[in-house]
Amino acid sequence: NVLHPMGYDAFGLPAEQYAIDHGIHPAASTHANIINFRTQLDNIGFSYDWDREFRTSDPGYYKWTQWIFLQLFAAFFNRHTKKAEKIEELVALFEKEGNKMHTSPGDPGLRFTADEWENFSEQRKMDVLMDYRLAYCGIGEVNWCEALGTVLANDEVINGVSERGGYPVVRKKLRQWYLRITEYADRLLEGLQQVEFSDAMKEMQTNWIGKSSGAEIDFAVADQATGVTLRVYTTRPDTIFGVDFMVIAPEHELVDIITSSGQAQAVDDYLTYVKSRSERERMAEKKISGVFTGAYALNPFNGRKIPVWISEYVLAGYGTGAIMAVPSGDERDHKFAIHFNIPITNIIGEYYNGQEANPTKDAILHNSGFLDGLVMKDAIDVAIGAIEEKGIGTRKVNYKMRDAAFSRQRYWGEPFPIKWIDGTAYPLDETELPLLLPEVDTYGPGPGGEGPLANLPEWTGQHLETNTMPGYAGSSWYFLRYMDPHNDKVFADRKATDYWGQVDLYIGGTEHAVGHLLYSRMWTKGLYDLGYIGHDEPYRRLVNQGMIQGSSRFVYRVRGTNEFVSAGLKENYETDEIHVDVNFVDGVELDVEAFRNWRTEYNEAQFILEDGKYICGTLTEKMSKRLYNTVNPDDLVFKYGADTFRMYEMFLGPVEMSKPWDTKGIEGVHRFLKKLWRLFYDDTKGRVWTEEKATDAELKVLHQTIRRIGNDTERFSFNTGVSGFMIAVNELTDLKCTKKEILAPLLILLTPYAPHIAEELWLQLGNAGSILDASYPVFEEKYVKENSKEYPVSVNGKLRTTMNISLEATQPEVEGLILDNAIVRKWMDGKPAKRIVYVRGKMVNVVV
RNA sequence: GCCCCGGUGGUGAAAUUGGUAGACACGCAGGACUUAAAAUCCUGUGGCCAGCAAUGGCCGUGCCGGUUCAACUCCGGCCCGGGGCACCA
């Protein structure tokens with residue numbers, strides 16, 4: 001019993017941007033695109049269960065996206081039980097014992113007793129709770145994209161520009177909603193051990209989470225009022241005697257406090273410089289820069305004075321925003337020391353060559369006080385022990401992953417079910433869901449960096465949140481909705497989600513590694529913790545399909561002219577490269593006339609040919625309309641039929657592999673299907689299949705094939721599976737085997753590959769019942785007769801017969817034509833039909 | 001810079017995990033049927049050498065070494081291509 005659904009993730013930035021660019025409402029453009037997708041999917045003959053179809057932009061769906069958001073809003077992560085729990089339970093604990101057992105993830109320094117909690121104002125209580133919630137609102141540095149007018153998640157920013165559109169992105173402090181995914185860091189890591197993802201995928205997620213263990217250490221700052229300490233995070237406390245300087249991030253809170261008067265101007269200048277640099281510049285050119293604060297920290301073990309510097313290579317957002325620099329062991333620290341002439345202490349003896357840092361853990365420590373003589377990897381624990389004993393630090397685990405930005409200043413997304421009263425966010429009641437996305441006339445940004453909803457008086461009048469949720473909100477739980485798509489009482493009935501359980505097989509691209517796949521894993525864990533579903537990993541097995549790439553063609557226009565030079569001669573001219581529609585190109589040779597007719601500007605184009613031909617340049621790149629290298633599956637389906645098309649795609653190679661689309665070889669697959677057909681029906685003799693008993697040799701072929709294709713299917717090796725069928729058909733042809741006993745079982749195996757032909761032959765064999773799922777799209781079928789001999793000719797799989805046979809009408813024309821002559825003309829290699837007759841339900845007679 | 005994944009005929013690729021490398025298909029060459037096409041069928045097709053021939057020999061999975069009776073497969077070091085991360089202490 002297989003759940004094979006399809007639906008549309010229709011909210012989000014791309015859809016809205018497309019709508020803005022084309023001046024239409026996103027709901028309209030989304031709808032038009034869905035209609036188009038559906039037609040193409042049907043054409044290829046996918047057996048999706050369309051009864052379960054939905055769109056994430058439907059109120060009936062996003063009602064539950066909002067509902068799940070409210071559950072996350074009303075939950076916190078209990079670090080002792082390591083799971084999400086209801087926020088009321090936390091409130092009950094606060095009332096009993098304050099927060100001593102549950103420190104605030106958003107404000108780690110916050111401590112209060114039960115009495116203090118009682119005396120907090122309503123607003124204060126809500127503020128405190130906000131710092132615990134799994135979905136929370138806070139002020140944070142975010143990736144702000146001015147051109148898109150919105151905040152982007154880290155994974156939506158590539159090299160300092162937006163993934164969508166390539167616009168500049170800057171850091172900006174804004175009020176934002178977040179998901180506290182960092183609380184799930186360990187669970188997300190552990191979960192990877194029980195799922196079947198590729199090593200590459202697991203590694204991407206592991207690196208993104210970026211768990212590291214070490215220690216936080218407090219260094220006293222010299223000549224300061226008592227109590228001023230500098231807290232650093234390090235994974236290598238064993239190197240503490242090799243610390244030659246400290247570095248704090250430019251945004252660090254101690255910058256103002258510890259900077260000496262003598263260095264004030266220099267520090268000020270440096271901070272100005274850092275501010276002037278965009279995120280992009282910082283990433284592009286990693287210049288060594290920094291400034292001395294004038295202050296010194298004290299090594300807690302030998303009292304040595306260590307200069308404190310400021311540099312942008314230390315990130316404010318990671319660890320404590322401050323590091324202890326060990327130049328002999330860390331490349332960046334080493335370069336910094338050399339650049340600013342800071343003396344380097346060697347603590348690893350001959351492992352350090354004076355030229356470059358050595359990050360080894362195998363050296364024996366020198367110049368290291370009580371750690372002298374220990375191997376570094378053993379010294380780590382010894383050092384942490386001493387640090388904890390002295391009360392100047394603790395063992396500490398850190399993660400690179402940050403909480404996920406969850407709000408967008410856009411229109412086309414789920415509205416937050418949140419009301420703001422006196423600066424405090426209150427959830428709407430469940431009965432108020434769905435909070436409908438209002439109609440708007442324009443999508444321009446609202447005042448003060450707010451979203452378009454802020455322009456609506458009836459919206460802001462109700463104090464509703466003006467941000468909307470990001471594109472990944474709806475896609476974070478849709479697989480659960482497929483299990484129970486029409487339920488209007490709950491997001492999915494527990495019986496349904498328990499029955500279907502995890503997604504057994506998930507097919508998707510690696511681009512989702514650190515986005516969708518991480519977010520949906522977190523949502524699943526949250527719903528599991530709160531008792532709404534019975535499993536905490538959404539996907540049991542993930543397969544990364546390769547991408548079919550486009551093969552682009554270019555023409556070369558001589559600059560400033562309307563003259564085009566063939567690729568082989570272009571070096572002799574100064575030319576501009578122009579993408580040309582691949583449909584005008586046969587291989588690499590341009591159809592000059594088709595090109596002239598393409599656009600009016602080319603009507604008068606002149607060509608400089610080589611050997612009488614115009615040869616185009618080529619490049620393999622992603623398939624995109626913009627690059628004119630798309631192939632429309634409909635055309636190939638029309639020419640060869642859906643079955644040939646499907647089978648050829650499988651035959652191309654392993655599913656995981658990307659490759660340029662090339663129809664070279666599609667004839668071979670088409671020939672296979674025709675050959676298979678001839679085991680059942682002969683061009684001249686008509687029906688040839690029989691009820692005879694099979695021989696041992698024939699049974700051997702059948703059973704070898706069952707085994708081979710069974711194995712190939714298990715291994716996802718569809719390309720070799722296709723080969724398996726070809727071998728079987730060749731062998732059966734050699735044996736002249738036309739026996740139903742052998743052929744019928746093969747049709748069952750063939751069904752996923754060539755469903756229409758398999759189905760039609762199955763029925764022709766007189767078998768009861770369909771081998772296809774009832775939801776399968778059924779195409780037109782034609783049924784022709786020649787001299788009263790019957791020829792079923794599959795139109796689903798579109799096997800072209802030899803058109804030499806002359807066909808006669810056997811029935812007068814009747815009602816409900818499903819074919820017109822234009823279609824038949826293409827079918828019949830340009831020959832028009834004399835008459836098209838619709839008979840016997842779905843059957844059609846065609847006369848040419 | 002770091003981390004993954006690849007590299008096999010003219011082409012797409014197989015090789016069930018250490019056991020006859022190149023299955024299957026495309027392309028190409030030759031042949032049969034046909035007035036001729038189309039369709040279909042048959043034969044050959046990694047390279048070099050010997051032979052009229054059946055056939056035989058040698059070399060071959062990016063490069064160089066190693067382990068093994070046996071290596072596309074395992075180990076070490078390079079080269080090239082694709083993808084990911086990017087100052088995370």
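Proteins get letters first, then strands, A, B, ... in listed order; numbering begins at 1 in each.
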Under the side-chain contact (heavy atoms from CB on, under 4.5 Å) criterion, do Y472(A) and L518(A) qualify, and how do the steps go?
CA-CA 10 Å; Y472(A) 66 82; L518(A) 223 39; over 6 Å; no
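Nucleotides C79(B) and C72(B), compared at atom P, are 24 Å apart to the nearest Å. Distance noted for atom P between A39(B) and U45(B): 25 Å (whole Å). C80(B) sits 28 Å from A23(B) when the C1' atoms are compared, rounded to a whole Å. Across the P atoms, G22(B) and G47(B) are found 14 Å apart, a figure rounded to whole Å. Taking atom C1' in both G60(B) and C52(B), the straight-line distance is 29 Å, to the nearest Å. Taking atom C1' on both nucleotides, U67(B) is separated from A71(B) by 10 Å, rounded to a whole Å. Taking the C1' atom of each, G76(B) and G12(B) are spaced 33 Å apart, rounded to whole Å. Comparing U61(B) with A54(B), their C1' atoms are spaced 30 Å from each other, to the whole Å.
Taking syn as a glycosidic angle within 90° of 0, G9(B) qualifies as syn.
For F340(A), the ring pair (Phe, Tyr, Trp, His ring centres under 6.0 Å) test picks out W309(A), F336(A), with sequence neighbours left out. For the ring pair (Phe, Tyr, Trp, His ring centres under 6.0 Å) test, no residue two or more places apart in sequence or in another chain qualifies with F680(A). Not counting sequence neighbours, the partners of K377(A) by the salt bridge (Lys or Arg N to Asp or Glu O under 4.0 Å) test are D362(A).
Distances were taken from every side-chain heavy atom of W208(A) (C-beta onward) to each of U40(B), A89(B), A86(B); the shortest belongs to A86(B). For K659(A), the listed nucleotide lying nearest its side chain is G12(B); candidates were A89(B), G12(B), C41(B). Proximity note for I323(A) (side chain, C-beta onward) versus A89(B), C41(B), A86(B): the nearest is A89(B).
Sorted by first and then second residue, the pairs that involve residues 702-724 of chain A and meet salt bridge (Lys or Arg N to Asp or Glu O under 4.0 Å), not counting sequence neighbours, are D712(A)-R715(A).
With no hydrogens or angles considered, no side-chain donor-acceptor pair links Y648(A) and D643(A) at under 3.5 Å. D403(A) and T182(A) form a side-chain donor-acceptor contact under 3.5 Å, judged by distance and modelled atom types alone.
Residue M201(A) is the one, among M201(A) and A316(A), whose nearest nucleotide of RNA chain B lies closer to the 5' end (criterion: closest heavy atom). Toward the 5' end of RNA chain B, the nearer of the two residues D712(A) and G210(A), judged by each one's closest nucleotide, is D712(A).
No more than 12 heavy atoms of other residues, nucleotides or ligands shown are found within 6.0 angstrom of NZ on K700(A).
Atoms CZ (R402(A)) and C1' (C85(B)) sit 14 Å apart, rounded to a whole Å. Here G12(B) presents its P atom at 18 Å from CD of E656(A), a figure rounded to the nearest Å. In this structure, the CE atom of M376(A) is 15 Å from the P atom of A89(B), given to the nearest Å. Rounded to an integer number of Å, the gap from N207(A) CG to G83(B) C1' is 13 Å. The separation between K202(A) atom NZ and G84(B) atom P is 21 Å, rounded to whole Å. Nucleotide C85(B) holds its P atom 13 Å from the CG atom of L518(A), rounded to whole Å. Distance, Y648(A) OH to A13(B) C1': 11 Å, rounded to whole Å. Protein atom CZ of F197(A) is 16 Å distant from nucleotide atom C1' of G84(B), rounded to whole Å.
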Scoring nucleotides 16-31 of chain B by protein non-hydrogen atoms under 4.0 Å (B base, S sugar-phosphate only, - none) yields -------BBSSS----
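OP1 or OP2 of U40(B) sits under 4.0 Å from a side-chain N or O of K674(A). Between C41(B) and K675(A), a contact under 4.0 Å exists linking OP1 or OP2 to a side-chain N or O. For Y318(A), a side-chain nitrogen or oxygen approaches OP1 or OP2 of A89(B) to under 4.0 Å.
For H334(A) and Y352(A), the distance between ring centers is under 6.0 angstrom.
By the 4.5 Å heavy-atom criterion applied to side chains, R395(A) and D381(A) are counted as neighbours. No side-chain heavy atom of Y318(A) sits under 4.5 Å from any side-chain heavy atom of Y399(A).
RNA chain B contains the following stems of three or more consecutive Watson-Crick or G-U pairs, with both distances under 3.5 Å: B:1-7 with B:79-85, B:10-12 with B:24-26, B:27-32 with B:40-45, B:46-50 with B:55-59, B:62-66 with B:74-78.
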